[in-house]
Amino acid sequence: MAIRKILTVPNPILKQVSKPVKTVTDDTRALMDDMLETMYNAPGIGLAAVQIGVPLNVIVMDLAREDEDPQPRYFINPEILESVDDTKPYQEGCLSVPDVYDDVERPERVKLTYLDYNGERITEWAEGLYAVCIQHEMDHLKGIVFIDYLSRLKRARAVKKVLKGDKLRAAG
Ligand code: GNR
Ligand code: NI
């Protein structure tokens with residue numbers, strides 16, 4: 001397992017549309033292992049493969065609180081089958097947009113289908129933080145980052161803030 005570098009905006013790779021995984025293999029599992037380690041190290045609650053520069057439809061997530069045992073979740077080729085009409089705002093953040101947080105409105109519950117770590121199909125409803133996070137991650141697979149839902153001014157400020165943070169880190 002290895003910790004990989006997380007790409008940040010405005011890296012154009014984050015705008016790429018990810019491709020489906022043809023077959024779930026040990027390579028897919030090795031990628032997911034690296035993603036999980038990278039996510040825990042960040043730390044974050046979800047990560048899409050494109051955020052480490054691999055444009056495949058692969059997501060990892062762990063919504064367990066710090067006082068709970070880890071609950072790693074793996075999603076390959078996820079699809080949303082149904083969404084309720086009710087939406088709810090939630091203050092989102094993103095490892096690709098460090099230190100920026102803002103409200104995003106999304107459907108409160110979504111029915112999704114995906115392949116798990118072993119390539120088995122799971123179909124279930126997601127709600128609460130799970131619904132927020134899976135929609136945020138599935139946006140990454142389409143090249144969408146949460147700041148794309150904000151006003152142009154807020155988006156420009158967010159990108160500027162990230163570039164400034166990168167510059168400060170580079171200078172040590
Ligand atoms: O760690 C993360 N926290 C978070 C908080 C609110 C809504 C979505 C997220 S996902 C984010 C990790 C990330 O950037 N995943 O793509
Ligand atoms: Ni994100």
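Just so you know, ligand 1 is whichever comes first in the structure, and atom 1 is the first atom listed for that ligand. Basis for what follows: all heavy atoms, side chains included, without hydrogens, waters or symmetry-related copies.
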*When you measure from the side chain of Asp62 to the backbone N and O of Gln71, does any donor-acceptor pair fall under 3.5 Å?*
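Yes; at least one donor-acceptor contact below 3.5 Å.
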
*Is the backbone of Thr113 close enough, under 3.5 Å, to the side chain of Glu79 for a donor and an acceptor to pair up by distance?*
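Here the side-chain-to-backbone pair does not exist.
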
_Evaluation steps, side-chain contact (heavy atoms from CB on, under 4.5 Å), between Gln135 and Val110_ = CA-CA 8 Å; Gln135 291 177 84; Val110 294; 3.6 Å; yes

Nearest protein heavy atom to [atom], by residue and atom, and its distance?
atom	value
atom 14 (O) of ligand 1	Leu95 N, 2.8 Å
atom 5 (C) of ligand 1	Gly93 N, 3.8 Å
atom 13 (C) of ligand 1	Gly46 O, 3.4 Å

*Do the side chains of Tyr90 and Asp102 get nearer than 4.5 Å, heavy atoms only?*
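The answer is no, as the side chains (C-beta and beyond) never meet within the 4.5 Å cut-off.
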
*Could you establish whether Tyr101 and ligand 1 come within less than 4.0 Å of each other, counting only heavy atoms on the residue side?*
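No, Tyr101 has no heavy atoms under 4.0 Å from ligand 1.
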
*Run the numbers for me: atoms of ligand 1, each under 4.0 Å from some heavy atom of Cys94, listed by number.*
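In order of number, 14 (O).
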
*Which of the atoms of ligand 1 are close to Gly44, meaning less than 4.0 Å from one of its heavy atoms?*
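Listed by number with element, the hits are 1 (O).
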
*asked:* Could you check whether atom CZ of Arg65 has more than 12 heavy atoms from other residues, nucleotides or ligands sitting under 6.0 Å from it?
replied: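 For Arg65, atom CZ is not crowded (no more than 12 foreign heavy atoms under 6.0 Å).
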
*Take atom CG in Asp85; do more than 12 heavy atoms of anything else shown fall under 6.0 Å from it?*
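Counting other residues, nucleotides and ligands, CG of Asp85 stays at 12 neighbours or fewer.
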
*Which segment of Tyr90 sits under 4.0 Å of ligand 1 when only heavy atoms are counted*: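 For Tyr90, the contact with ligand 1 is made by the side chain alone.
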
*Classify the contact between Gln51 and ligand 1 as side chain, backbone, both or neither, using a heavy-atom distance cut-off of under 4.0 Å.*
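Side chain only.
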
State whether the shortest distance between N or O atoms of [X] and N or O atoms of ligand 1 falls below 3.5 angstrom.
X	answer
Ala48	no
Ile45	yes
Ser96	no

*Checking side-chain contact (heavy atoms from CB on, under 4.5 Å) for the pair Leu63/Cys133: CA distance, chi angles, key distance, verdict?*
CA-CA 9 Å; Leu63 304 176; Cys133 195; 4.3 Å; yes

*Could you name the option among Glu92, His140, Glu137 that has the heavy atom nearest to atom 10 (S) of ligand 1?*
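Ranked by closest heavy atom to atom 10 (S) of ligand 1, first place is Glu137.
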
